[in-house]
Participant: 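I have a structure here, written as structure tokens, and I will follow up with some questions on it.
Below, chains carry the letters A, B, ... as their sequence lines are ordered, and counting in each starts from 1.
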Amino acid sequence: MAGRRLYGLMAEFDTPEALLYAARAAREEGYRKFDAYSPFGIEGLAEAVGFPKTRLPVLVFFGGLFGCCGGFFMQWWANVIGYPLNIGGKPYDSWPAFIPITFELTILCAALTTVIGMIALNGLPAPYHPAFNVPRFALASRDHFFLLIEAEDPKFDPKETQEFLEALHAQEVSEVEA
Amino acid sequence: MEPVEPGKNAAVAEPVLAPGHSFGSVTDQISAIVLTRGTGKKWMGGFAVAIALLLMLNFAITVLFAKGVGIWGINIPVGWGFAIVNFVWWIGIGHAGTLISAFLLLMRQQWRSSVNRFAEAMTIFAVACAGMFPLLHMGRPWLFYWLFPYPDTMTLWPQFRSPLVWDVFAVSTYATVSILFWFVGLIPDLATLRDRATTKIKQVVYGILSMGWRGSAKHWKRYETASLLLAGLATPLVVSVHTVVSFDFTIAIEPGWHSTIFPPYFVAGAIYSGFAMVLCLAIPLRKYYGLEDFVTLRHMDTMAKIMLATGWIVAYSYIMETFMAFYSGNPFDRYMIMNRMFGPYATVYWILIAANLVIPQLLWIKKMRRNMLTLFLLSLCVQTGMWLERFVIIITSLSRDFVPSSWGMYYPTRWDWMTFLGSIGLFFTLFYLFIRFLPMISIHEMRELVHKTEEEPAA
Amino acid sequence: MNDSPATVLSRIQQRSLGIGIVVSAICAWGAYVHWTRFLQAYLVAFFFWLNISLGCFAILMLQHMIKGRWGLVIRRSLEAGASTLPLMVLFFIPLLAGHARLYPPPPTTGFKAVYLNWPFFLGRAVFYFAVWVLMAWLLNKWSDDQDRTGDPVFQARLTRLSGPGLIIFGLTITFAAVDWVMSLETGFFSTIYGMIFMVAAALAAMAFITVMAMILARYKPLSEVATAERFHNYGNLLLVFVLLWAYLSFSQFLIIWAGNLQDEIPWYVSRAYGGWGVIALFLVLFHFAIPFVLLLNRPITKSSRALAGVAIALFIMGWVDLYWIIEPAFRPQGPQLSWMDIATPFGLGGLWMAVFLQKLRKRPLLPLHDPRFEEVLEYD
């Protein structure tokens, strides 16, 4: 650890229940800057680390709305203003015929917003993250569960936090280099 | 289609995951196929056959580009030959994958977890095969971008009243959303592969693809929200895609094409052939890779039942088409049906009826659904039937429409056959690469399944 | 809230019966005065309640097939709804009596001359009702047997009947819709027609059942199992049916609009302009757009009260939908509402409700030997 800044302390747990318990305990203890890592999504864990709701659905709604209005306008403009053409005696503004593409573009824009929004809000791609400095962290994508309290947390104290984490029956508590 | 229910009733509670698995064991068993088992001989053999077919496709396409679509059997009046038959067939096959991954997620059917990954892969590869055909059929495929609305020098715009333009938007949206959905599902598994890979090159490649996923609780929350949203978007999308494909026919006033039942009928037919394809892929896969614990008999049985149900929607549509042809009192509609049944392509029609309607009724019998050999053969039978169905719809209507003087026969040439069989080679080449380099079962969802099974009290 | 469901149900039953008898008597007078107009109004009312009965019948079989937990709470209501089918036979008699007045005479040559002639028409009607009544009876009988004995063999039988039963339902309701509604306009035909009727029936029945579940969930024993999660399921089912209805209806419209053929397009020409056009717009808004947006909201589908509000609206719109499909055949130039249009659904509905509640009251509100029963109690 010599010379490197401390990013935080990481506790390792065996089961999702233990992690959930630890995250709730950390929150009750007053920690705010911490995160939990698990090999699959655990119900209630995000709430436990203080992240009850994501803005994603709102973004997606506006993405879809943009696709819907934009899609219809594009067709209406192209066939009524841009290049009006008499096809089979149908009116230029054949709105029933514009519905399928309007629908497709609604879905397309909403889906793109969903994926790009999810990745961007998650701060990915993230080529580097201190958590990966702990060798055992590779098991976070297999069968182990981790709780990481950051050194920046006002309540963080290397010694006290270590004791706190150990009291939660963590399998192992390790220091994370920045 | 029953959800996994814990419970006292042994008949209901057949497992979707064999007992005794842990988070570690599912991770190891599935990732080992990609990381440590290496390239098997059987894999090499199958891949070689697929590559050979793909080469044949390349050859056929090269000749096509050199000489033009005249090498195919299409003519006037039958301007839509094998190319459109294959297009509709392939895109229909894709539909089951999206339904498994999206609709069943919304319905919270847990059994989907073990089949959705490769079903989605199947979707993407099937859409790739499908998308190829209209392009090849255009004659000048290098001008395909004319279909898109873009400000060109002559200020021309696409004619949005044409269902063929709707098709461009529907299929490209479908391809995009399917790839997005698949990729989002893969991210946590790619991270698993990154963490477990032993060689530098694998670590780097899987590392880049997983984008630094670390399983943070906040990330999972957004991730799961995104999955649900995508599922909610993909379900109506998949219905709309084959609906738009059906509009390619119904918007025309050709007898046998202009029929209002086509949208739901095409969607049901697509799911029918799609589930047949999923079964055709799943049966050998689970055997050769020893995945019987994850893809259980319960899965096979459920998918067979879905096939039976969608097959009946297709049957219903045949009945309605035939009935309305007579009820309408329209002489052209009536002739179209008689021509299908007793005209020059009658043999094809009756094989289609046998393969699509009669033989699959064996699926009512539980033994047939649970015997992997019969189920495999029945799935092949359905796929053949659905291919012939599109053939009958396209060819019989075009070859004999309103005016007898403009009638003509259609015969496929060897180039048609080579392109069709070659597209199967393209599909399997992609599929072989997929099972070699990516986890074919969603690992993180299997871990979740283990977790849920543990939570519930034992039967 | 101290009432038991039995007393509440019997109170509703008595009122329904009262309304039914009084309004039916008034309608009978209307029939005497203006027979043709009565028949036209009556056809809509008949189909409205037939849709509820048949929809219950279909959803009942669907939940036997899928075995989802959502089916448990509403199973009794669905069974009671299906068991009203014999009553529909009775309700059909005025239509038979007025058949010649109501339907245009079939052409003298061709397929329709054979298909729509009176004996064949009558024979088919007898067949549809026979099949429906028989299957609904079996579904109820085996359910009673299951209640009494607890033998799992009855659940297996119910499931086994439901698969073929749904196919038979689909075919019979289609041909019934062709015989009794499509044939009002001799030139018109559409292959998707039967599917629209199937979905409309399922939607109307699901709306009705959701309201029933809301009423029953206030009292024991259903209050223990009818959780917010259950109502969320019903909201989702309603959403699926609303979307299917819109999808099928729009598909039919787009195809016929684009084809613009003289056989088909008059059907929409009369229905899309003038007064009927206003009703069409009304349908787009209140049978699709607004319920769709409301049903997407979790807070709404999770509250039984708000959901019941949406369901009541959909239930009423079911009648508007049928009115828009059937009535323009008689008055293509525009709607002319008669008092009988409003009265006949209440007359039939009062009697229908009385029979429905009679059946519902006779049995425990929860099927105790349903394999889902214990699970639902334990895990929700």
Participant: Looking at A:E152, I want to see if its CD is surrounded by more than 12 non-hydrogen atoms of other residues, nucleotides or ligands under 6.0 Å.
Facilitator: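 Open.
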
Participant: Using only atom types and a distance under 3.5 Å, with no angle test, would you say the side chain of A:N122 pairs donor to acceptor with the backbone of B:W220?
Facilitator: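 Here the side-chain-to-backbone pair does not exist.
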
Participant: Between A:P96 and chain B, with a heavy-atom cut-off of 4.5 Å, which part of the residue counts as in contact: side chain, backbone, both or neither?
Facilitator: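 For A:P96, no heavy atom lies under 4.5 Å from chain B.
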
Participant: Would you say CH2 of B:W146 has more than 12 non-hydrogen atoms from neighbouring residues, nucleotides or ligands within 6.0 angstrom?
Facilitator: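 Not buried by this count: 12 neighbours or fewer within 6.0 Å.
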
Participant: Working to the nearest 0.5 Å, report the span between NZ of B:K218 and CG of A:L121.
Facilitator: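 These two atoms lie 12.5 Å from each other.
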
Participant: State the CD-NZ distance between A:E43 and B:K452, to the nearest 0.5 angstrom.
Facilitator: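 Going from the CD atom of A:E43 to the NZ atom of B:K452 covers 7.0 Å.
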
Participant: Once you round to the nearest 0.5 Å, how far does OG of B:S162 lie from CD1 of A:I87?
Facilitator: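 Result: 8.5 Å between the selected atoms.
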
Participant: Examine whether an atom of A:W76 lies under 4.5 Å from a heavy atom of chain B, and if so say whether it belongs to the side chain, the backbone or both; otherwise answer neither.
Facilitator: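 A:W76 has no heavy atom closer than 4.5 Å to chain B.
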
Participant: I need the minimum non-hydrogen distance between B:A217 and A:A46, along with the two atoms involved.
Facilitator: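 For B:A217 versus A:A46, the nearest heavy atoms are O-CB, 3.9 Å.
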
Participant: Can you tell me how far the CG atom of A:L108 sits from the OH atom of B:Y174, to the nearest 0.5 Å?
Facilitator: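 Between atom CG of A:L108 and atom OH of B:Y174 there are 14.5 Å.
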
Participant: For B:T173, which atoms come within 4.5 Å of any heavy atom of chain A: side chain, backbone, both, or neither?
Facilitator: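 Answer is both: backbone and side chain atoms of B:T173 are under 4.5 Å from chain A.
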
Participant: For the pair B:W157 and A:M74, evaluate side-chain contact (heavy atoms from CB on, under 4.5 Å) and give the outcome as yes or no after the intermediate values.
Facilitator: CA-CA 10 Å; B:W157 292 96; A:M74 172 189 79; 5.8 Å; no

Participant: Can you tell me if A:E160 has over 12 outside heavy atoms packed within less than 6.0 Å of its CD?
Facilitator: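 No - once you tally the heavy atoms of other residues, nucleotides and ligands closer than 6.0 Å, there are 12 at most.
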
Participant: CZ/B:R161 to NZ/A:K90 distance, rounded to the nearest 0.5 angstrom?
Facilitator: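 If we round to the nearest 0.5 Å, B:R161:CZ and A:K90:NZ are 8.5 Å apart.
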
Participant: Would you check if the side chain of B:W166 reaches a backbone N or O of A:A97 as a donor-acceptor pair within less than 3.5 Å?
Facilitator: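 Judged by distance alone, yes, a pair lies under 3.5 Å.
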
Participant: Any chance you could lay out the side-chain contact (heavy atoms from CB on, under 4.5 Å) test for B:R194 and A:F132, step after step, and finish with the verdict?
Facilitator: CA-CA 12 Å; B:R194 169 199 69 201; A:F132 288 107; 3.4 Å; yes

Participant: Below 4.5 Å from any heavy atom of chain A, which atoms of B:V165 appear? Answer side chain, backbone, both or neither.
Facilitator: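 Contact with chain A is through both the backbone and side chain of B:V165.
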
Participant: Please identify, among A:G88, A:A111, A:G50, the residue contributing the most non-hydrogen atom pairs under 4.5 Å to chain B.
Facilitator: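 Ranked by contacts with chain B, first place is A:A111.
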
Participant: Does CZ in A:F156 sit with more than 12 non-hydrogen atoms of other residues, nucleotides or ligands closer than 6.0 Å?
Facilitator: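 More than 12 heavy atoms, drawn from other residues, nucleotides or ligands, come within 6.0 Å of this atom.
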
Participant: Please say which of B:D167, B:V168, B:V244 ends up in a side chain to side chain contact (heavy atoms under 4.5 Å, CB included) with A:E104.
Facilitator: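 The option that passes is B:V244.
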
Participant: Just so I understand: if I count every heavy-atom pair under 4.5 Å between each of A:L105, A:I42, A:V60 and chain B, which residue has the most?
Facilitator: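 Heavy-atom pair counts peak at A:L105.
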
Participant: Count the heavy-atom pairs under 4.5 Å between each of A:I101, A:D143, A:L124, A:T54 and chain B, then report the option with the highest count.
Facilitator: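 Answer, by heavy-atom pair count under 4.5 Å with chain B: A:I101.
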
Participant: Take atom CD1 of B:I253 as the centre, draw a 6.0 Å sphere, and report whether it contains more than 12 heavy atoms from other residues, nucleotides or ligands.
Facilitator: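 Not more than 12 within 6.0 Å, no.
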
Participant: Name the region of A:F61, side chain, backbone, both or neither, that has any atom closer than 4.5 Å to a heavy atom of chain B.
Facilitator: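 For A:F61, no heavy atom lies under 4.5 Å from chain B.
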
Participant: Of the listed residues (B:G215, B:G232, B:P158), which shares the most heavy-atom pairs with chain A below a 4.5 Å separation?
Facilitator: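 Among the listed options, the one with the most contacts to chain A is B:G215.
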
Participant: Please determine which of B:V177, B:L229, B:L180 meets the side chain to side chain contact (heavy atoms under 4.5 Å, CB included) test together with A:V115.
Facilitator: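 Output: one option passes, namely B:L180.
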
Participant: Do you know the tightest heavy-atom contact between B:D195 and A:S141?
Facilitator: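 Smallest heavy-atom distance, with atoms named: OD2-OG, 2.7 Å.
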
Participant: In Å, rounded to the nearest 0.5 Å, how long is the span from CZ of A:R55 to CZ of B:R222?
Facilitator: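 The distance works out to 7.0 Å.
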
Participant: With chain A, which of B:E224, B:Q159, B:H444 has the greatest number of heavy-atom pairs at distances under 4.5 Å?
Facilitator: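 Heavy-atom pair counts peak at B:Q159.
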
Participant: Please determine whether the number of non-hydrogen atoms from other residues, nucleotides or ligands lying under 6.0 Å from atom CD1 of A:I81 exceeds 12.
Facilitator: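 It does: A:I81 CD1 has more than 12 such atoms within range.
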
Participant: State, with a plain yes or no, whether a side-chain heavy atom of A:R142 is found less than 4.5 Å away from one of B:D28.
Facilitator: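 Sidechains of B:D28 and A:R142: in contact.
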
Participant: With side chain to side chain contact (heavy atoms under 4.5 Å, CB included) as the test, pick out the partner of A:I107 among B:T176, B:L233, B:V238.
Facilitator: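 Among B:T176, B:L233, B:V238, the one that satisfies the side chain to side chain contact (heavy atoms under 4.5 Å, CB included) with A:I107 is B:L233.
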
Participant: Tell me, for A:P135 versus chain B, whether the close heavy atoms (under 4.5 Å) come from the side chain, the backbone, both or neither.
Facilitator: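 Neither the backbone nor the side chain of A:P135 comes within 4.5 Å of chain B.
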
Participant: Which atoms of A:L112 are under 4.5 Å from chain B, going by heavy atoms: the side chain, the backbone, both sets, or neither?
Facilitator: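 When you check distances to chain B, atoms from both the backbone and side chain of A:L112 fall under 4.5 Å.
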
Participant: Identify the heavy atoms of B:R447 and A:F40 that sit nearest to each other, and give their distance.
Facilitator: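 Reported closest heavy-atom pair: CB-CD2, 3.6 Å.
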
Participant: May I ask you to decide if B:S216's main-chain N or O and A:D35's side chain share a donor-acceptor pair within less than 3.5 Å?
Facilitator: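 Pair absent, no side-chain N/O of A:D35 close to backbone of B:S216.
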
Participant: Around atom OH of A:Y31, are there more than 12 heavy atoms from other residues, nucleotides or ligands closer than 6.0 Å?
Facilitator: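 Count over threshold, so yes.
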
Participant: Look at A:T106, A:T15, A:L56 and state which one has the largest set of heavy-atom pairs under 4.5 Å with chain B.
Facilitator: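 Option with the greatest count: A:L56.
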
Participant: Taking everything shown except B:F402 itself, do over 12 heavy atoms lie less than 6.0 Å from its CZ?
Facilitator: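 For B:F402, atom CZ is crowded (more than 12 foreign heavy atoms under 6.0 Å).
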
Participant: Show the nearest heavy-atom pair for residues B:A226 and A:M118, with the distance to one decimal.
Facilitator: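 Heavy atoms of B:A226 and A:M118 come nearest at CB-CG, 3.7 Å.
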
Participant: Which atoms of A:P100 are under 4.5 Å from chain B, going by heavy atoms: the side chain, the backbone, both sets, or neither?
Facilitator: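 The answer is the side chain of A:P100.
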
Participant: Nearest heavy-atom pair of A:A78 and B:F160: which atoms, and what distance?
Facilitator: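 Reported closest heavy-atom pair: CB-CE1, 3.7 Å.
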
Participant: Could you tell me which non-hydrogen atom of B:T155 sits nearest to which non-hydrogen atom of A:Y83, and how far apart they are?
Facilitator: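 Between these two residues, the closest heavy atoms are O-CD1, 4.1 Å.
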
Participant: So which of B:I251, B:T192, B:I187 has the largest heavy-atom pair count under 4.5 angstrom toward chain A?
Facilitator: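 The option with the most such pairs is B:T192.
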
